[in-house]
Amino acid sequence: MKEIDGAPESNFIRDIIKDDLANDRTGGKVATRFPPEPNGYLHIGHAKSICLNFGLASEFEGTCNLRFDDTNPSKENQEYIDSIIEDVHWLGFDWGDRQFFASDYFDQLYEWALELIRKGLAYVDDLSAEEIRKYRGTLKEPGKPSPYRDRTVEENLDLFQKMRDGEFPDGAKVLRAKIDMASPNMNMRDPAMYRIVRASHHRTGDKWCIYPMYDWAHGQSDSMEHITHSLCTLEFENHRPLYDWFLDHIDAPSRPHQYEFARLNLTFTVLSKRKLLQLVEDKHVEAWDDPRMPTISGLRRRGYTPESIRKFCDRIGVSKRESTVDVALLEHAIRDDLNTKAPRVMGVLNPLKIVLTNYPEDQEEKFNAPHYPDDPPAMGSRDIPFCREIYIEQDDFMEDPPKKFFRLAPGREVRLRWAYVIKCQDVVKDDAGNVVEVHCTYDPETKGGNTPDGRRIKGTIHWVSACHAFDAQVRLYDRLFLKKAPGAKGRDFIGDLNPDSLKVMDDCKLEPCLSKAEPGQHYQFERLGYFFVDPKISSDTKPVFNRTVPLRDSWAKLVRSGKAD
Ligand code: ATP
Ligand code: MG
């Protein structure tokens, strides 16, 4: 058994597969598929399904196909196909030459529809969509048969051919399976198999004006690909009898089985492609890959790694019970991963100038500091230049601080990370009374931040040399939604958007080694978080740093307190 990222947690689907193999129900084979509809970009929920399908295939030395479920041409396009391919590859999975499209099977599906008509198990219905809904009945009342239900086989064959030939307008007729209008399962009350839609398909062009419904396409596609375990989310549980009925009534090349698991829901996040599309189209975000989006491409631009997403999917597990995962767990996964990967550096986001009045005007010196203080050889080190003027974070100075403020304040001392202890002597204010500059003295005896006389300095702050600082744009992200369950209790989810989810900081001062930062690199800015050089908007000379996540880890805190595991 192959394992990705450590030992897999057990789950009920793995148990089913083991049992099937032990009892030789699938000829010793495990074949899964990931079947996205190319009508949007993939999101973190899809990652759960991808990790599950590809993960199980690899664990049992089977195969996993990538199959585009492209049966609804009016909403699908090539851009989505390309992004899906890129995202699944980026997550670390490969399907070799097993890339398929449901549209590849349109001819075969049509043949099987003819087979059902000939067996008296499908008919052409002239009722309108509205009438079909009325005739279907309710959960309490059985449906009524359509007046067209008992058409002869010849008539049905003739009408279905004419549907295909474009002789009827859109919506004028449908082909329905003839099952049971009184079934307690509404999906079995003569479900539609084909509808007439004049829409150009991104692969088949104008060859077809009838398109198969999801239920009619899915199981048959599984069968053609010799899928053994067809995994889908719980909302398809009530479709399983139909999945089975279709396969039992055609001459199917293989007999796959469907299993359902609970979809991923995340707090403070929407995971519906329809809603994500609305965010893009109505310009609440820049694009599908906006770093605030829960899409794979958005998470990638934000600075998430494939390892962190796979680890997250592994930790949340797979079950049959609907639940909502705390988004802090996802944030925990990326911190955990970057902790050992991201070099430590210093950057000041809201600069406040400090002048060291006793430091010689033309003097400069350098401090060599490791990129990874806990294990200095791991990532090497860099020289940090120092001079008479430096920047610190505005937040790290208070003119009138409370007692427990251990950073810089009039008359107080603070340690500059890797450099010296400084003491605040004076402030310079503008006409409005804002502090614009702080005058300090440095203690030459404290080189490297040590205090040979043993006096205690409680606060250590980050800083950047004003003479050497590198100017860059930094983008800070907050949750896209203010509410734990956006759009709950009948609210419009748009109303729950966080108006301050993006803060663009144009006046940031970074230590000079960052001028060599390349798109796609990760850093930890000490005390501020993990940052990622945005590959889309950075140029060679002007990197843009996205904050992937701040350092404070509320999930780790919950774990320590025993409230989470
Ligand atoms: P959405 O509801 O977001 O529009 P979808 O189910 O219509 O998604 P598909 O492209 O059909 O999107 O999904 C491809 C596969 O990914 C399906 O097998 C689906 O069950 C699975 N999937 C989609 N969303 C989630 C989720 N939140 N958690 C787990 N699996 C998901
Ligand atoms: Mg779907």
Side-chain angles (χ1 to χ4, degrees), residues 11 13 32-57 64-77 79-85 87-88 91 93 95 99-103 212-215 217-219 221-222 225 227 229-240 243 256-281 288 293-299 309-310 312-325 327 329-330 485-487 493:
N11 69 52
I13 297 177
T32 59
R33 84 287 169 266
F34 173 63
E37 182 180 355
N39 62 350
Y41 280 57
L42 298 181
H43 53 62
I44 183 74
H46 292 113
K48 173 176 179 174
S49 173
I50 292 166
C51 290
L52 180 66
N53 280 293
F54 281 94
L56 287 170
C64 180
N65 298 349
L66 176 63
R67 182 200 313 143
F68 291 97
D69 178 15
D70 56 347
T71 52
N72 189 4
S74 53
K75 292 190 174 161
E76 300 162 359
N77 69 47
E79 176 194 346
Y80 296 140
I81 293 178
D82 296 341
S83 75
I84 290 168
I85 290 173
D87 289 351
V88 182
L91 278 173
F93 300 106
W95 50 96
Q99 178 167 306
F100 302 108
F101 292 84
S103 56
M213 306 300 288
Y214 170 90
D215 285 312
H218 205 86
S221 302
D222 284 343
E225 293 175 19
I227 300 301
H229 299 81
S230 179
L231 313 179
C232 63
T233 38
L234 278 179
E235 66 272 24
F236 292 101
E237 196 168 18
N238 288 333
H239 294 238
R240 187 171 0 113
Y243 182 102
H257 288 273
Q258 175 184 301
Y259 304 92
E260 308 86 20
F261 63 96
R263 65 195 294 116
L264 170 67
N265 303 300
L266 265 187
T267 56
F268 298 99
T269 309
V270 298
L271 290 183
S272 133
K273 280 191 276 188
R274 184 181 59 76
K275 289 181 180 166
L276 296 176
L277 177 64
Q278 190 182 337
L279 292 175
V280 176
E281 283 187 334
W288 282 96
M293 289 282 270
T295 49
I296 305 296
S297 51
L299 292 166
I309 294 176
R310 293 202 304 260
F312 168 75
C313 290
D314 202 38
R315 285 204 187 119
I316 56 175
V318 178
S319 85
K320 262 207 163 304
R321 196 165 44 89
E322 284 289 354
S323 67
T324 300
V325 173
V327 73
L329 187 61
L330 180 62
F493 78 104

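For ligands, and for the atoms within them, numbers begin at 1 and follow the listed sequence. For the single chain, residues carry numbers from 1 onward in sequence order. All values reported here derive from a predicted model rather than from experimental measurement.
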Backbone or side-chain N or O of Phe34 under 3.5 Å from ligand 1 N or O = no

Pick, from Lys273, Glu235, Arg33, Arg274, the option with the minimum heavy-atom distance to atom 1 (P) of ligand 1.
-> Lys273

Just distances here: any N/O of Leu264 and N/O of ligand 1 closer than 3.5 Å?
-> yes

If you count the atoms of ligand 1 from 1 in the order shown, which ones are under 4.0 Å from a heavy atom of Ser272?
-> 3 (O)

Check the side chains of Gln99 and Asn65 for a donor-acceptor pair under 3.5 angstrom, ignoring hydrogens and angles.
-> no

Aromatic plane relationship, Tyr259 with His257 - under 30° parallel, 30 to 60° tilted, over 60° perpendicular | tilted

Donor-acceptor side-chain pairing of Asn72 and Tyr214 below 3.5 angstrom = no

What atoms in ligand 1 come closer than 4.0 Å to a heavy atom of Pro35?
-> 14 (C), 18 (O)

Should His46 be counted as touching ligand 1, given the test is an N or O pair under 3.5 Å?
-> yes

Answer yes when Glu225 and Arg33 have at least one side-chain N-carboxylate O distance shorter than 4.0 Å, and no when they do not.
-> no

Sub-4.0 Å heavy-atom approach of Phe236 to ligand 1 = no

Is the cationic atom of Lys320 (NZ for Lys, CZ for Arg) positioned less than 6.0 Å from the six-membered ring centroid of Phe261 and within 45 degrees of its normal?
-> no

Is the shortest distance from a heavy atom of Asp69 to ligand 1 less than 4.0 Å?
-> no

Do the charged groups of Lys273 and Glu37 touch, with an N to O distance under 4.0 Å?
-> no

